[in-house]
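The figures here come from the full heavy-atom set of this structure, side chains too, leaving out hydrogens, waters and symmetry mates. Quick caveat, the model's predicted, so the values are computed rather than measured.
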Amino acid sequence: MSTAPDTTDTSSAEPGPRGGPAQQKLPLLALLALATAVFITSLTETLPAGLLPAMSADLGVGESATGQTVTVYAIGTALTAIPLTAATAAWRRKRLLLAAMGGFALANTVTALSSVYELTMAARFLAGVAAGLAWALLAGYARRMAPVHLQGKAIAVAMAGIPVALSLGVPAGTFLGDALGWRVAFLAMTVLTVLLLLWIVAAVPDFPGQGRGDRPRMLRTLRIPGVSPVLFVTLVFVLAHTVLYAYIAAYLDDLGLGGSTGLVLLAFGAASLASIWITGVLIHDRLRGLTVAGALLVAVAAALLAVASDTTALVYVAAVLWGLGWGGIPTLLQTAVGDAGGESADAAQAMLVTLWNAAMAAGGLVGGLLLDTFGSTSFPWTVLLLLLPVIAVVLYARGAGFPARRVSGYR
């Protein structure tokens, strides 16, 4: 998940990479490099969802245990996002981004070569630590590259890596894993990361880190009106999503659609791409409405899977609704918490990334328990139950958090 405690004030133009004024248009080549970094981070996190049966058989553990490769990744991010953000706050942004992506190259290589479950879990934890570094700067990095009136679009371009990972990356990784083995899918991630490192060196501008007076102050931020509702929605919405997504291969296998996992994920991801495009167009004036619509669409998808999963066509319809509801949520939530946090947006977003990944870790654990105890058919009902308080809080927090009318955007 992406967010960015790097929220240095950009109300005046940020200096360009050569010391001149910031561009008055989007630096697309640099932003696409960040989008690729987001893609790699998101795909590394979710790739096991499409490869679960094969990984399970090869590592000699059950599918619920293999699903914990998603959990331990999220734990790595949740435990390290805030302390690593504080420890590296003074680092120049390009140096930090290169270090984070180098961590992904190492972690994915070890995952691909390991035949020992414990070593695989250690590599996945390392990948989560690298994600803690990456998510601490990516959205803020994108924002600092753009003039003020284009900062929202810059973030949307960078965050497009999330739905692309879901729409193309996970299905492609699933197909590649089916054809050549799951290890090849992870090695392909390493190759892509090495190419990205060269791209960052060549095309991404550098920016200074934060001064000591700019370090996040977490507890004070929780008392700011609107911050807590957004953090609650983040925690519960991501938990609901992860319970099903982390075990989607096992769920579809139990429906007799195990061979169609890649196609279902493709439908989900294509709808996610459409969702993030719609979000980018409407977010300035429709943040609250888009958030409510997203939660409702995912709830309807869960209801369809709960009552009509024996109809293959409706499974695909549910996947499309799920993608439409989910695709814009990362951008919506980080925008909401940035608006609510105001001058403390850095601390608010550091907490958001921690809660996001804590929710992913919990989703992996809860999903594994549900799978072992009640079977995969319990997933949609759990998602539906969790989304009810999400919708209620978004509707309630109309004064602050999810206001009917946004006062300001990113600062």
Rounded distance (nearest 0.5 Å) linking atom [atom1] of [X] with atom [atom2] of [Y]:
{"X": "T71", "Y": "L365", "atom1": "OG1", "atom2": "CG", "result": "4.5 Å"}
{"X": "T66", "Y": "L59", "atom1": "OG1", "atom2": "CG", "result": "6.0 Å"}
{"X": "L239", "Y": "T234", "atom1": "CG", "atom2": "OG1", "result": "12.0 Å"}
{"X": "L98", "Y": "L197", "atom1": "CG", "atom2": "CG", "result": "6.0 Å"}
{"X": "T279", "Y": "I329", "atom1": "OG1", "atom2": "CD1", "result": "7.5 Å"}
{"X": "L126", "Y": "T111", "atom1": "CG", "atom2": "OG1", "result": "8.5 Å"}

Heavy-atom distance under 4.5 Å between the side chains of [X] and [Y], does that happen here?
{"X": "M55", "Y": "F186", "result": "yes"}
{"X": "Y141", "Y": "V204", "result": "yes"}
{"X": "S228", "Y": "M351", "result": "no"}
{"X": "L257", "Y": "Y251", "result": "no"}
{"X": "M145", "Y": "P205", "result": "yes"}
{"X": "I278", "Y": "I283", "result": "no"}
{"X": "I248", "Y": "L52", "result": "no"}

Looking only at atom types and distance, does a side-chain atom of [X] sit under 3.5 Å from a main-chain N or O of [Y], one as donor and one as acceptor?
{"X": "K94", "Y": "F207", "value": "no"}
{"X": "T88", "Y": "L84", "value": "yes"}
{"X": "S42", "Y": "F39", "value": "no"}
{"X": "R288", "Y": "R286", "value": "no"}
{"X": "S275", "Y": "G328", "value": "yes"}
{"X": "Y245", "Y": "A240", "value": "no"}
{"X": "R124", "Y": "G76", "value": "no"}

| task | Tell me, yes or no, whether the heavy-atom count around W199 atom CH2, taken from other residues, nucleotides or ligands under 6.0 Å, exceeds 12. | result | yes
| message | The criterion is ring pair (Phe, Tyr, Trp, His ring centres under 6.0 Å); which residues satisfy it with F237, sequence neighbours excluded? | response | W326
| message | Test: side-chain hydrogen bond (donor to acceptor under 3.5 Å, both in side chains). Region: residues 306-322. Which pairs qualify, not counting sequence neighbours? | response | H241-W322
| request: Could you note down all residue pairs passing side-chain hydrogen bond (donor to acceptor under 3.5 Å, both in side chains) where residues 359-374 supplies at least one of them, sequence neighbours left out? | output: S64-D372
| remark: In terms of heavy-atom contacts, L31 and A142 come closest through CD2-CB, 3.7 Å
| message | If you compare all heavy atoms of L26 against all heavy atoms of A146, which two are closest, and at what distance to 0.1 Å? | response | CD2-CB, 3.9 Å
| message | Please tell me whether T120 and S114 have a donor and an acceptor in their side chains that are separated by less than 3.5 angstrom. | response | yes
| message | Within the 3.5 Å criterion, strictly below it, is a donor on N108 or T193 matched to an acceptor on the partner's side chain? | response | no
| task | Report the residues that fulfil salt bridge (charged side-chain N to carboxylate O under 4.0 Å, His left out) with R92, sequence neighbours left out, ordered by chain and then residue number. | result | D206
| Counterpart residues, salt bridge (charged side-chain N to carboxylate O under 4.0 Å, His left out), relative to D253 (two or more places apart) | none
Pair up each side-chain donor or acceptor in residues 379-403 with any protein partner under 3.5 Å, not counting sequence neighbours, and list the distances.
| from | atom 1 | to | atom 2 | distance (Å) |
| --- | --- | --- | --- | --- |
| T382 | OG1 | S378 | O | 2.8 |

| Taking L133 as the fixed residue, which of T77, L96, T41 is the one that meets the side-chain contact (heavy atoms from CB on, under 4.5 Å) rule? | L96
